[in-house]
Amino acid sequence: MSILPQEELVKKWESEQASLRQQVVEEDTEDWQRCPDFTGLERVGGVDLSFIKGDDVNACAQLVVLSYPDLELLYEDSQMVTLTAPYISGFLAFRETPYLLEALQRLETTQPSLLPQVVLVDGNGLFHYREFGLACHLGVLSGLPCIGVAKNLLQVQGVEKNEKHQSQIASLQKGGESFPLTSDSGKVLGKALRSSDSSTKPVYVSVGHKISLDTALRLTHSCCRYRVPEPIRQCWEVDTS
DNA sequence: GCGACAG
DNA sequence: ATCTTGTCGC
């Protein structure tokens, strides 16, 4: 096995993203997504990779499935994994997707009736340098509707963390309010969402796959008890033993 | 040289 | 991602 220089690896990954990008579906595809109260939605998933100390090679891949709308734990899976790909901003999916997919496949094999109808992903979807972040990548490869929820702003396509952005954040009065993240070409790539009344710092929501931005935003908000939506937050509370 | 850098 | 407790305030 030869190891590619990072520059070559990035080129290879860029072309893979460009290819998979074409498969992203940016609209609602499920009946429950059209209902004002999400009637028909019963299971919401969340995925995350967590690390320890200064170890950036060994991680814990976690998947939870919560009931909707009660957000009670229906299923949890936690698996120690050894990462092979480096972390490079813009290419997070190549590092994490394989293990998140494995977790979904374990669930599909053992308890298919518990498969989530939508997955909230820790990271961006279309709000990405090439409009193909982790949530899109996992969505396309799994075929499941996915939503990207990032906790920090990625400065992409002209969206900057400047004075204007700060004042837009300050203008969000209560949970559920949002403002668009618009690229220089005029496309709304995602939205900054004040996820709860008690949190000032927004989360950044974008389309992953098989869902519209408005639906993604509404669902994300309805999954928030605190700043980070429950499906992702409850990953942090999964038993690692 | 300085800033940016999802997780 | 993680290193890191308490503390002040609502």
Side-chain angles (χ1 to χ4, degrees), chain A residues 6-7 9-10 13-14 17 20-21 24 46-64 78-103 119-140 146-163 165-166 169 173-175 181 183-184 189-209 213 216 220 226-229 231-233 235-238 240:
Chain A
Q6 192 166 93
E7 192 179 321
L9 187 61
V10 163
W13 283 352
E14 276 178 346
Q17 287 181 329
L20 292 171
R21 169 72 183 88
V24 173
V47 290
D48 184 38
L49 245 68
S50 59
F51 297 79
I52 41 164
K53 293 185 182 178
D55 189 342
D56 58 348
V57 169
N58 297 296
C60 191
Q62 290 154 333
L63 163 67
V64 303
S78 181
Q79 178 70 51
M80 286 302 299
V81 297
T82 302
L83 306 188
T84 53
Y87 169 68
I88 302 175
S89 180
F91 301 95
L92 179 62
F94 293 93
R95 183 165 160 81
E96 301 199 351
T97 300
Y99 312 101
L100 303 180
L101 265 179
E102 280 178 9
V119 180
L120 273 64
V121 180
D122 199 5
N124 292 302
L126 290 179
F127 186 57
H128 178 269
Y129 305 112
R130 292 164 297 279
E131 297 184 20
F132 197 73
L134 174 59
C136 298
H137 208 120
L138 184 66
V140 167
C146 286
I147 300 172
V149 182
K151 298 184 293 296
N152 292 101
L153 180 72
L154 186 62
Q155 301 198 146
V156 305
Q157 301 191 28
V159 178
E160 292 181 274
K161 189 164 56 188
N162 53 21
E163 314 285 333
H165 184 78
Q166 296 305 330
I169 288 176
Q173 296 301 303
K174 58 184 178 59
L181 304 165
S183 71
D184 357 70
L189 298 176
K191 289 193 173 183
L193 168 71
R194 177 161 179 165
S195 49
S196 76
D197 288 339
S198 56
S199 66
T200 297
K201 185 176 178 177
V203 294
Y204 300 94
V205 178
S206 58
V207 169
H209 189 47
L213 180 55
T220 300
Y226 306 102
R227 177 176 175 250
V228 174
I232 293 174
R233 208 179 68 90
C235 281
W236 307 344
E237 309 192 343
V238 168
T240 307

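The figures here come from the full heavy-atom set of this structure, side chains too, leaving out hydrogens, waters and symmetry mates. Just so we're on the same page: letters track the sequence lines, and every chain starts at 1. Nothing here was measured: the structure is a model prediction, and the numbers come from that model.
In this structure, CD1 of A:I88 is placed 17 Å from P of B:dG7, rounded to the nearest angstrom. Atom C1' of nucleotide B:dG7 and atom CG of A:L138 are separated by 14 Å, given to the nearest angstrom. If you measure from atom CG of A:D122 to atom C1' of C:dT2, you get 14 Å, rounded to the nearest angstrom. A:Y99 places its OH atom 19 Å from the P atom of C:dA1, with the value rounded to the nearest Å. Rounded to an integer number of Å, the gap from CZ of A:R95 to P of B:dG7 is 13 Å. Atoms CD1 (A:I232) and C1' (B:dA6) sit 11 Å apart, rounded to a whole Å. Counting to the nearest Å, the C1' atom of B:dG7 and the CG atom of A:L120 are 16 Å from each other. Going from atom NE2 of A:H137 over to atom P of B:dA6 covers 18 Å, rounded to whole Å.
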Take A:L83 and A:L49, measure what side-chain contact (heavy atoms from CB on, under 4.5 Å) needs, and give me the verdict at the end. CA-CA 10 Å; A:L83 306 188; A:L49 245 68; 3.8 Å; yes
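Nucleic acid contact for A:D56: none, since no nucleic acid atom lies under 4.0 Å from a heavy atom of the residue. Contacts of A:G90 with the nucleic acid, taken as non-hydrogen atoms under 4.0 Å apart, include base atoms. A:L154 comes within contact range of the sugar-phosphate backbone alone, with a heavy-atom separation under 4.0 Å but no base atom that close. In this structure, A:D48 reaches the sugar-phosphate backbone alone: every heavy-atom distance under 4.0 Å involves primed, P, OP1 or OP2 atoms, never a base. Using a 4.0 Å heavy-atom cutoff across all strands shown, A:F94 reaches no nucleic acid atom at all.
Dashed line: the shortest gap from a side-chain N or O of A:N152 to OP1 or OP2 of B:dC5 is not under 4.0 Å. For C:dA1, the OP1/OP2 oxygens have no side-chain nitrogen or oxygen of A:Y87 closer than 4.0 Å. Between A:K151 and the phosphate of B:dG7, there is a side-chain N or O to OP1/OP2 separation shorter than 4.0 Å.
Rounded to whole Å, the separation between the C1' atoms of C:dT2 and B:dC5 comes to 16 Å.
Comparing atom distances between the A:K161 side chain and each of B:dC5, C:dT2, B:dG7 picks out B:dC5 as nearest. Listed nucleotides: B:dG7, B:dA6, B:dC5. Nearest to the side chain of A:Q155: B:dC5.
Here CG of A:L100 is found 10.0 Å from CD of A:Q62. Values are rounded to the nearest 0.5 Å.
Aromatic stacking of A:Y204 on B:dA6: not satisfied for centres closer than 5.5 Å together with planes under 30 degrees.
The backbone N or O of A:T84 sits nowhere less than 3.5 Å from a side-chain atom of A:R95 that would complete a donor-acceptor pair. With hydrogens and angles disregarded, a donor-acceptor distance shorter than 3.5 Å links the side chain of A:D197 to the backbone of A:G175.
Counting heavy atoms from C-beta on, the side chains of A:I88 and A:W13 come closer than 4.5 Å.
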